[in-house]
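Predicted model only: the values in this text are computed from it and were never measured. Residue numbers count from 1 along this sequence. Numbering of ligands and ligand atoms starts at 1, following listing order. Below, each value reflects all heavy atoms present in this structure, side chains not excepted, and no hydrogens, waters or symmetry copies.
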Amino acid sequence: MTPEVHISSHPLVHHKMALLRDPRTDPKKFRELLREVAGLIVYEATADLATEEVPVTTPLAQTKGRKLSERVGLVPILRAGLGMVEGIWNLMPNTEVWHIGLSRDEETLQPVEYYSRLPGGSTVDVCLILDPMLATGGSAVAAVDILKRWEARRIKFVGVLGAPEGVRRLTTAHPDVPIYLAAMDERLNENGYILPGLGDAGDRLFGTG
Ligand code: PRP
Ligand code: URA
């Protein structure tokens, strides 16, 4: 299986990413930009969702339209993934949202699971994992592991910034999970931060740190 990695080439995404990276962007603006970028990336990530024909009556005539025929679930990785939910909900208001709490240990860079609230069995056809940062890839791989144990049918990773190291780790561990990003950066620094990156996404989103 050839892994799919989609990096957006959309000018609006490029424009908003430059603002998102800028340290002068305050938390209020950061949240707004992250919501907007998430909406633009999910537009690309959902291009292959199945639809079915439905009858439509316009004010003038009968015609045919299409509606989504797959149930979509959003799975934000806490905390920073939360910043992507609203922008996607604006486009798909009926999606279920299930939370996974993972925190990266600052010394080992390994993900630590501290919260996972999923129903008994998978209730959706497509799961979109939301996390703006794909750094070492440890958190993303752990989230996919959790969803696969939950017997999720189709899983996609929807992020914002990726490092080559993280993309390689996720595609190696889970080649069946397509990755959608706004940008692919150069590398990780010695502390596991993406360079040039945007800093700590969770802290910038919530005004902490
Ligand atoms: C950040 C980010 C990812 C993870 C990426 O979260 O939101 O979840 O790091 O790093 P990785 O690819 O090396 O695993 P963090 O653990 O800092 O938690 P936070 O969102 O609560 O700030
Ligand atoms: N998590 C972040 O928030 N930023 C990085 O650059 C890497 C991991």
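Residues that satisfy the ring pair (Phe, Tyr, Trp, His ring centres under 6.0 Å) test with His14, not counting sequence neighbours, are absent from this structure.
Protein non-hydrogen atoms do not reach within 4.0 Å of atom 6 (O) of ligand 1. Protein heavy atoms come within 4.0 Å of atom 2 (C) of ligand 1.
Annotation: the span from Leu49 atom CG to Lys156 atom NZ amounts to 6.0 Å, rounded to 0.5 Å. Between Leu19 atom CG and Phe30 atom CZ the span is 11.5 Å, to the nearest 0.5 Å. Here CG of Leu128 is found 12.5 Å from CD1 of Ile41. Values are rounded to the nearest 0.5 Å. Going from atom OH of Tyr114 over to atom CD1 of Ile100 covers 11.0 Å, rounded to the nearest 0.5 Å. Atoms CG and CG, from Leu109 and Leu188 in turn, are 8.5 Å apart once rounded to the nearest 0.5 Å.
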Extract all donor-acceptor atom pairs below 3.5 Å that involve side chains of residues 191-207 and protein atoms in other chains or at least two apart in sequence.
from	atom 1	to	atom 2	distance (Å)
Tyr193	OH	Asp200	OD2	3.1
Asp200	OD1	Gly202	N	3.1
Asp200	OD1	Asp203	N	3.0
Asp203	OD1	Arg79	NH2	3.1
Asp203	OD1	Thr208	OG1	2.7
Arg204	NH1	Leu20	O	3.0
Arg204	NH1	Arg21	O	3.4
Arg204	NH1	Leu198	O	3.0
Arg204	NH2	Asp22	O	2.7
Arg204	NH2	Thr25	O	3.2

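Remark: distances from the non-hydrogen atoms of Leu109 to ligand 1 are all 4.0 Å or more. The closest approach between Ala201 and ligand 1 stays at or above 4.0 Å for every heavy atom of the residue.
Of the N or O atoms in Gly137, one or more lie within a sub-3.5 Å distance of an N or O in ligand 1. Taking only nitrogen or oxygen atoms, main chain and side chain alike, Asp203 does not reach within less than 3.5 Å of ligand 1. At least one N or O atom of Asp131 sits closer than 3.5 Å to an N or O atom of ligand 1. In terms of polar-atom proximity, Leu134 is not counted as a contact of ligand 1, lacking any N or O under 3.5 Å from an N or O of the ligand.
Contact record, Arg66 with Glu53: NH2-N, 3.8 Å, taken as the closest heavy-atom pair.
Scanning the protein heavy atoms around atom 14 (O) of ligand 1, the nearest turns out to be Ser139 OG, 2.6 Å.
Residue pairs meeting the ring pair (Phe, Tyr, Trp, His ring centres under 6.0 Å) criterion with at least one partner in residues 34-86, sequence neighbours excluded, are absent.
Counting atoms of ligand 1 from 1 in the listed order, those under 4.0 Å from a heavy atom of Met133 are 2 (C), 3 (C), 5 (C). Counting the atoms of ligand 1 from 1 in the order shown, those under 4.0 Å from a heavy atom of Ser103 are 16 (O). Of all the atoms in ligand 1, the ones that sit under 4.0 Å from a non-hydrogen atom of Gly202 are 22 (O). Atoms of ligand 1 found under 4.0 Å from any heavy atom of Arg104 (numbered from 1 in listed order, with element): 10 (O), 11 (P), 13 (O), 14 (O), 16 (O).
Contact residues of ligand 2 (protein heavy atom closer than 4.0 angstrom to a ligand atom; sorted by chain and number): Arg104, Met133, Ala135, Gly192, Tyr193, Ile194, Gly199, Asp200, Ala201.
The proximity of Thr136 to ligand 1, defined as any non-hydrogen pair under 4.0 Å, involves the side chain as well as the backbone.
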